[in-house]
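Okay, so here's the structure we're looking at.
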Protein chains: 2
Amino acid sequence: MINIILNNEAVTMPYTKDHKNKTREKILESSFKLFALKGFEGVTVNELMKNCGLTRGAFYAHFSSKAELYSESLKFAASGTKLASFKPEDIPSKKWLALLLDEYLSLEHVRGEHTITCPLAFLATDINMQDDEIKSAYSDVYYGMNSTIMKYATSYTDCDQHDILSVTTMIIGAVAIARTLPDQESIMALLTACRREAGLKLGGI
Amino acid sequence: MINIILNNEAVTMPYTKDHKNKTREKILESSFKLFALKGFEGVTVNELMKNCGLTRGAFYAHFSSKAELYSESLKFAASGTKLASFKPEDIPSKKWLALLLDEYLSLEHVRGEHTITCPLAFLATDINMQDDEIKSAYSDVYYGMNSTIMKYATSYTDCDQHDILSVTTMIIGAVAIARTLPDQESIMALLTACRREAGLKLGGI
DNA sequence: TATTTAATATGATGTTTATCATATATTATA
DNA sequence: TATAATATATGATAAACATCATATTAAATA
């Protein structure tokens with residue numbers, strides 16, 4: 001169906017245009033989960049590929065290095081969170097922010113059971129062991145989160161940039177620390193405390 | 001000078017009683033700094049030992065594995081923080097808490113320039129890639145921080161356990177995230193926002 | 001169905017690294 | 001100063017792993 005003329009010769013295309021893109025996304029999604037769970041050094045290229053039904057051989061057709069995959073999967077995860085897929089028309093800002101807090105500060109999120117977990121909370125310190133490009137990807141995600149929340153919070157309350165910074169910092173810290181706690185009760189206590197506090201800060205939600 | 005009778009024979013003691021302890025502490029202190037900077041997987045036993053003027057050969061006379069050193073250095077760092085060395089008689093609780101926040105949320109701390117950095121902030125997610133004993137050491141440190149702050153905050157204000165949890169979570173998150181930010185200005189903005197917020201929460205300090 | 005070529009898999013390599021085995025250095029006492 | 005024993009250093013090993021080179025598979029067209 002599709003022909004590309006190259007050097008005056010017809011060249012066949014054995015795979016459909018976006019087969020590779022689909023595979024790439026599959027690798028990104030499943031890799032992010034493993035990275036979040038075990039850290040950059042804690043997982044091997046082999047494992048990452050096996051995790052999505054491929055072998056390490058296919059890897060270098062998609063990414064030039066493990067570090068590049070890490071960086072790309074970070075951006076991918078950020079774009080897939082509820083935060084990033086927010087549609088402002090769907091629902092009032094105030095209600096949406098409340099739902100966001102509920103989900104973000106949930107047991108399921110802490111346990112990594114959400115389809116996509118927040119890289120900010122799961123990889124906070126892992127990032128610092130990587131190079132500047134990765135750190136930069138991380139802080140971009142962080143500022144993105146802040147400006148989205150800021151945008152919708154200011155529509156119904158008068159909190160300023162400082163308030164938002166302190167709230168995002170707290171909820172990210174809450175999930176990161178909750179992951180280290182030994183039992184469900186301790187985790188819930190922390191999440192509940194931070195949920196209440198964040199709600200107050202964001203205009204009583 | 002010191003004789004120990006063992007199997008009816010006098011045994012000489014080539015090194016003074018606590019030479020080994022001193023060395024052990026030296027290893028713990030310098031290792032924690034490296035672990036905090038580069039993570040568990042990011043640093044080798046060789047580096048850790050070279051960092052305090054020894055070689056890898058001496059290592060296994062002090063610790064049975066790299067993981068054990070990690071766990072021990074975590075506890076060591078926690079015991080060495082300003083928080084742990086707090087003397088209640090020295091200074092009024094309120095003033096001391098204010099100083100603590102100032103130091104904790106300082107540029108120097110974020111840069112790792114303090115003699116001892118806070119393991120909670122520097123290793124938050126690195127911990128989750130380790131085994132349960134290490135996670136347990138981490139959460140012990142976290143709860144220790146909470147109860148110390150709680151103890152002194154309640155002496156002059158009426159905040160409850162939930163308030164303390166949300167404050168500690170925020171300041172730990174603040175330092176962890178600040179470390180990922182690209183420039184001093186961004187770091188200061190975050191630290192300042194959280195310093196203000198924490199001060200309000202802890203009775204206006 | 002044959003052909004072409006992209007996608008994926010398998011095999012191989014060189015390096016890094018935790019840990020072990022053994023040798024050397026150091027120092028408190030006799 | 002000689003001795004004994006601990007502390008430290010050096011040498012060796014085996015496993016793990018990222019990446020490269022090469023082979024196989026599979027699918028779109030003629």
Side-chain angles (χ1 to χ4, degrees), chain A residues 1-28 30-31 34-35 38-71 73 129-131, chain B residues 1-28 30-31 34-35 38-71 73 129-131:
Chain A
M1 212 82 88
I2 303 169
N3 284 325
I4 297 176
I5 306 302
L6 199 63
N7 295 332
N8 269 359
E9 278 182 284
V11 175
T12 62
M13 283 196 73
Y15 287 85
T16 142
K17 225 180 185 176
D18 58 6
H19 178 160
K20 196 170 183 178
N21 280 335
K22 286 262 171 63
T23 304
R24 185 188 155 93
E25 291 218 344
K26 195 172 67 174
I27 299 173
L28 286 173
S30 92
S31 292
L34 270 193
F35 277 136
K38 308 172 98 183
F40 180 77
E41 307 273 1
V43 68
T44 71
V45 173
N46 243 329
E47 277 183 88
L48 289 164
M49 294 302 278
K50 198 163 283 174
N51 194 236
C52 63
L54 295 172
T55 65
R56 76 190 177 291
F59 179 77
Y60 293 90
H62 292 275
F63 304 94
S64 72
S65 70
K66 187 185 173 188
E68 183 186 309
L69 171 61
Y70 187 80
S71 177
S73 75
M129 291 82 186
Q130 314 302 324
D131 64 26
Chain B
M1 212 79 88
I2 301 171
N3 284 323
I4 297 177
I5 305 304
L6 199 62
N7 295 333
N8 270 357
E9 280 182 286
V11 175
T12 60
M13 285 197 70
Y15 287 85
T16 142
K17 228 178 183 178
D18 58 7
H19 177 159
K20 196 170 183 180
N21 281 335
K22 286 261 171 63
T23 304
R24 184 188 156 93
E25 291 218 344
K26 193 173 69 175
I27 299 173
L28 286 172
S30 92
S31 292
L34 271 193
F35 276 136
K38 309 172 100 184
F40 179 78
E41 307 274 0
V43 67
T44 71
V45 173
N46 243 330
E47 277 184 89
L48 289 165
M49 295 301 280
K50 198 165 282 175
N51 194 236
C52 63
L54 295 173
T55 66
R56 78 190 176 290
F59 179 76
Y60 291 90
H62 291 274
F63 304 95
S64 72
S65 71
K66 187 185 174 188
E68 184 186 308
L69 171 61
Y70 187 79
S71 177
S73 75
M129 292 81 187
Q130 313 303 324
D131 64 25

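Just so it is clear, the structure is predicted and the values come from calculations on it, not from any experiment. Residue numbers begin at 1 in each chain, while the letters A, B, ... track the order of the sequences.
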Would you indicate, yes or no, if dT8(C) has its OP1 or OP2 atom less than 4.0 angstrom from a side-chain nitrogen or oxygen of T23(A)? yes

Aromatic rings Y70(A) and F40(A): how do their planes relate, parallel, tilted or perpendicular, breaks at 30° and 60°? perpendicular

Return the value, rounded to whole Å, for the distance between atom CZ of F63(B) and atom C1' of dT8(D). 15 Å

In whole angstroms, the gap separating P of dT8(D) from CZ of F59(B) amounts to 13 Å

How do H19(B) and Y60(B) order along DNA chain C: which one's closest nucleotide is nearer the 5' end? Y60(B)

How close or far is atom C1' of dT17(C) from atom NZ of K38(B), stated in whole angstroms? 14 Å

I'd like to check T23(B) versus H19(B) (side-chain heavy atoms, cut-off strictly below 4.5 Å). Are they in contact? yes

Quick one: does E68(A)'s side chain have a donor or acceptor within less than 3.5 Å of a partner on S65(A)'s backbone? no

Rounded to the nearest 0.5 Å, how far does CZ of R56(B) lie from NZ of K66(B)? 14.5 Å

Listed nucleotide nearest any side-chain atom of K66(A), set dA18(C), dA18(D), dT8(D): dA18(D)

Considering only dA18(D), dA9(C), dA7(C), which nucleotide approaches the side chain of T55(A) most closely? dA9(C)

What I want to check is whether an N or O donor and acceptor connect the side chain of R56(A) with the base of dT19(D) at under 3.5 Å. yes

Picking from dT8(D), dT8(C), dA18(C), the nucleotide nearest the side-chain atoms of L54(B) would be dT8(D)

If only side-chain N and O atoms of H62(A) are considered, is one of them under 4.0 Å from the OP1 or OP2 phosphate oxygen of dT8(C)? yes

Nearest of dT19(C), dT17(C), dT19(D) to any side-chain atom of V45(A)? dT19(D)

